[in-house]
Each structure stands twice: as structure tokens, then as C-alpha cells.
Amino acid sequence: MAGCRPTDALVLFTEGGCLSAANVKNDNGHGTEVRIKTPGDFRLSETLGYLWRSPTEILYRVNDGEIVRYIPLSRRKIWVKVSAGDSDALVVRLPADVRRVDIEEVKRFLREWFDLSRDLAPFYRLAESDEVLAPLLAQFYGLRLVRVPDLFEALCWAVMGQQINLEFAYTLKRQFVQAYGQGSMFEGQTHWMFPDPSRIARLQIPDLRRLQLTQRKSEYIIGIAQAMDSGQLSKAQLLTLEDGEARQQLRQIRGVGDWTANYVAMRCLGHMSAFPAGDVGLQNAVRQVRGMARKPTPAELLELGRQWGDWKAYATFYLWRSLRGTSP
DNA sequence: GTCCAGGATGGGC
DNA sequence: GCCCATCATGGA
């Protein structure tokens, strides 16, 4: 920290050192502004295209190239606005009274959310010469695997999405979040955060059945909440395990099969070799890209996945993205 | 009305 | 181990 001169109450650092005063604005009208350096091959526009896939999404809003959401930090919850900077940077706007520790936590959250710490060059080299991935690379270059940093959210979202169409899954999530999450008013609109496991752990099955969740899904979600609330299940603990062991442990949870374990591994734990080979969306995407008459079987997908090595999760994410076209 | 959707479980064999 | 009925709702 030597060499960083405190300007006022606020002192900001990035992994590259301290930020120049030009990168910090702390006017009361628009809050605090910080920048996050992004890799040269990152394009926020592609991420926005992914984030904007459902009008029913409840955990963030996308307007006019800007993402707005509340983020739960360890000390407090705060709103953030994320937009594209001039060059290789994200512009992040925060409340005026935000403190340095909060800013560092926000930056960690956003780097994880958009998977900014990963070197994608090997994936792009692989994709260039891959008959399935090459056309997707041309279409979605700059897209990163959008993560779900909150383990409870990732597990619930996966369970909710089991065997139903995606739009209905968004409806289930919205109803769940609005019933048991925390809402905050900001600029005339309510922003929602995902419920805490501690709250869901105390619910009864009928509480969730009222939200159109099935009996089974209600049982699964409350069970997951109780496991997390008791400390028996945690992201920190899963991250200490080898990839395969973590997925094995996830599968011990009632309601978590092979698909869900792999889904959570790739979206939450950041396992790049995770591969939900039984996924219907993945099957449809491969069928479409290869012009097949029928959907590939999970066995055929596993065979295909072999050539993607440790980049199966990225291949999957790009294939999912291809199901929804290029426009928001 | 039928079929499918970003599956998992518990039963039977 | 594999196969199958069941769950349970919405959209095409």
C-alpha cells in the first residue's frame, strides 16, 4: 500500500495497485464510481445479451447497457450499477457512502459473476478448430460464463429448472424471491436479493407449494436450506475438494442428480470440466449446430465433450447461448 | 388434446 | 447395474 496517497476518506486499490484519482468520483448525486479492468477478449455486450434472456428475471435489471442489482456483502447490502468503460474496463457505480472494504468485496463479486479472472485464450484456440464451437465463437466472441456466486441460489435455481421450460422456471424463482427474499427500494423500483438459507430452512412444505413448486422440489429446497443453515453444506468446503469429489458430494444431497451437480459445479464452483451431458438444452443446441435430424444421446455428447477437455463448461455455455440468438 | 421442457427418485428386475 | 412410472405445470 506504500505509495498510495489517501485522497479523502476513500482510498481505493485494485490488484494492479492503487487507483488514480481520475478513477474515483465521489459526488453525492451519482455515488462512487470505480473501474474494474477486464481482459482484452471480454465484451460486456455479449454478457448483457445473456443476462437479458428473460423478462421475468428478478435478481437484476438490464436497462440501456447498464446492469443494476443489489449485492449482499458481508457488512451490508448495496446497489451497484455496471456498464462498459471506455477501454478494457467496467464502470461500477456504488452508493456515495460505500467503504473500501465494501468496494473490494463488490469487485470480487463482479469478477466472479462475469468470470473475469480466467484466461480464455486456450478455450478460444480450442474452439477455432472445433466444428461445433467455431461458428459459436464467431457469433459470441467475448462472452464469458456468467456465474452464480451464491451456492444456495445456484442449487435452488437448478432444482427449480428441473424438467420444466425455462420461462416457467423464471416464474418460480420470481415468486420464491418475492415471497422470501429481501427487497430494497432504489430509484423508484424494488430490487430483490435471493433468500437466505436460514429463512427457508424454517419453512414448511406447503409454504413453497403455494408458490407453484411441486411437492418434491419443495422438499429438496428446504432440505438444501437446512443443510446449508446447519453448516453441513457450504461453498467454502466444496471449494476445498477436487472437482470430482465436490460433484460426488453434491450428488449426496436429495434432489441433486448428475445434471444438477454438474450445473452447480460449472455455474457456482467454476469447474471448467463440468459437463451436464444429459441436458436437454445442450442436446438441442448440438443438434442444431451440427444439423442433426435427431438429438444426440448423452453418450454421444460425452464422446463429443472429450475433445473439449477441461473446457466443457465453456463449450456448454456457448451452446446454451446459441439457443437464444444474438439479440437481447 | 398431445407433447415437451436446462431431471430426480424409488421401485422392480 | 438398467428401465420405468411418477411428479406436476406451462407453453407450443
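In what follows, chains carry the letters A, B, and so on, assigned in the order in which the sequence lines appear, proteins first and then strands, with residues in each chain numbered from 1.
- Between the CG atom of A/L208 and the C1' atom of C/dA8 there is a distance of 15 Å, given to the nearest Å.
- When the C1' atom of C/dG10 is taken as reference, atom OH of A/Y170 falls 16 Å away, rounded to whole Å.
- Nucleic acid contact for A/V256: sugar-phosphate only, since backbone atoms but no base atoms lie under 4.0 Å from a heavy atom of the residue.
- Taking the six-membered ring for Trp and the full ring otherwise, A/Y50 and A/F317 have centroids separated by under 6.0 Å.
- In this structure, A/I205 atom CD1 and C/dC7 atom C1' are separated by 14 Å, rounded to whole Å.
- Note: A/W157 and A/Y170 have tilted aromatic rings, judged against thresholds of 30 and 60 degrees for the angle between ring planes.
- Dashed line: the shortest gap from a side-chain N or O of A/T260 to OP1 or OP2 of B/dA8 is under 4.0 Å.
- With the nearest nucleotide of DNA chain C identified for both A/Q163 and A/T171, A/Q163 has the one nearer the 5' end.
- Relative orientation of the A/Y318 and A/F140 rings is perpendicular, given thresholds of 30° and 60° on the angle between their planes.
- Between A/Q215 atom CD and B/dA8 atom P there is a gap of 18 Å when expressed in whole angstrom units.
- Classification of the A/F176-A/F194 ring pair by plane angle, with boundaries at 30° and 60°, yields tilted.
- Protein atom CG of A/N165 is 12 Å distant from nucleotide atom C1' of B/dC3, rounded to whole Å.
- A/N284 has no side-chain polar atom (N or O) that falls below the 4.0 Å cut-off from OP1 or OP2 of B/dC4.
- Nearest-nucleotide mapping onto DNA chain C: of A/E167 and A/L213, the residue sitting toward the 5' end is A/L213.
- A/I253 comes within contact range of the sugar-phosphate backbone alone, with a heavy-atom separation under 4.0 Å but no base atom that close.
- Between A/I164 and A/R254, the residue anchored nearer the 5' end of DNA chain B, judged by the nucleotide with its closest heavy atom, is A/I164.
- Pair assignment for C/dC7 gives B/dG7, based on Watson-Crick or G-U wobble hydrogen-bonding distances that are each under 3.5 Å.
- Close to C/dG10, at under 4.0 Å from its OP1 or OP2, lies a side-chain N or O of A/Q212.
- Checking B/dT9, C/dG10, C/dA8 against every side-chain atom of A/Y220, the shortest atom distance belongs to B/dT9.
- Summarising the geometry, the separation between CH2 on A/W157 and P on B/dG7 is reported as 11 Å, rounded to the nearest angstrom.
- One interatomic measurement links the two molecules: CE of A/M160 to P of C/dG10, which rounds to 15 Å at whole-angstrom precision.
- Heavy-atom contacts from other residues, nucleotides or ligands closer than 6.0 Å to CD of A/E242 number 12 or fewer.
- Note: CH2 (A/W259) to P (B/dT9) measures 13 Å, nearest angstrom.
- Here A/R251 lies out of heavy-atom contact (under 4.0 Å) with every strand.
- Under the 30°/60° scheme for interplanar angles, the aromatic rings of A/F186 and A/Y70 are found to stand perpendicular.
- Between B/dA8, B/dA5, C/dA8, one nucleotide has an atom nearer to the side chain of A/Q162 than all others, and that is B/dA8.
- Contact annotation: A/K217 side-chain N/O to B/dT9 OP1/OP2 distance is not under 4.0 Å.
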